[in-house]
Amino acid sequence: MNCQNQQAQRIQAKFHERYDYFSPTELEFCYNTALKDFVLLSYPFKSSRPPIEKLKLDFYDEQWVLDRMEDIISREGANHVTSYRENGISFTFASSYIDPQLVSQITPKVGVPK
């Protein structure tokens, strides 16, 4: 089992402690989406991305992935309603795909052209 698998299992186990009603498939989907977002924000250029099996997350990266997993499930509910009207029943949701606060926590890793 490589390092990435161990990290994935650890993150999914932490998340499952809080949300024990998630199926293994839902956990994996949520984790994969959060990890994908982390990698795409951290490594904006395809050529600079490490292979997934060599990706190592430190404590802060793991926490970011967990926070993103929380963000994913909160967007399924009504947490990101930015306005609401009563009798005409009108909801307005935040338009971003990901919480801007989470995005601001990532500093992209880029290289210098040779």
side-chain contact (heavy atoms from CB on, under 4.5 Å) evaluation trace for Ile11 with Met69: CA-CA 10 Å; Ile11 292 169; Met69 291 172 76; 3.9 Å; yes
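Side chains of Tyr19 and Glu70: a donor-acceptor N/O pair is present below 3.5 angstrom, by distance only.
Among all heavy-atom pairs drawn from Ser48 and Tyr43, the shortest one is O-CD2, 3.5 Å. Annotation for Lys14 and Leu66: closest pair CD-CD1, 3.8 Å, computed over non-hydrogen atoms. Heavy-atom minimum distance, His16 versus Leu27: CD2-CD1, 3.2 Å. The nearest pair of heavy atoms linking Asp58 to Asp61 is OD1-N, 2.8 Å. Taking each heavy atom of Ile73 and Cys30 in turn, the nearest pair found is CG2-SG, 4.3 Å. Contact detail for Trp64 and Ala34: the closest heavy-atom pair is CZ3-O, 3.7 Å.
Both Val103 and Val65 are assigned to one and the same hydrophobic cluster, defined by single-linkage of ILVMFWY side chains at heavy-atom distances under 4.5 Å. In this structure, Ile106 is not a member of the same hydrophobic cluster as Leu40, with clusters built from ILVMFWY side-chain heavy atoms closer than 4.5 Å. Phe29 and Tyr21 fall into different hydrophobic clusters, where Ile, Leu, Val, Met, Phe, Trp and Tyr are joined by side-chain heavy atoms under 4.5 Å apart, directly or via other members.
Of the possible polar contacts, one joining the Glu26 side chain to the Ser23 backbone as a donor-acceptor pair under 3.5 Å is found. In this structure a side-chain-to-backbone donor-acceptor pair under 3.5 Å is present from Ser104 to Gln101.
Ring orientation note: the planes of Phe15 and Phe22 are nearly perpendicular, at an angle over 60° on the 30°/60° scale.
Grouping Ile, Leu, Val, Met, Phe, Trp and Tyr residues whose side-chain heavy atoms lie under 4.5 Å apart, directly or via other members, places Tyr60 in a hydrophobic cluster with Phe59.
Evaluation of the side-chain hydrogen bond (donor to acceptor under 3.5 Å, both in side chains) rule for Arg49 yields no partner, not counting sequence neighbours.
Using a 4.5 Å cut-off on side-chain heavy atoms (C-beta onward), Leu57 and Leu35 make contact.
Residue Arg68 holds its CZ atom at 16.0 Å from CD of Gln63, rounded to the nearest 0.5 Å.
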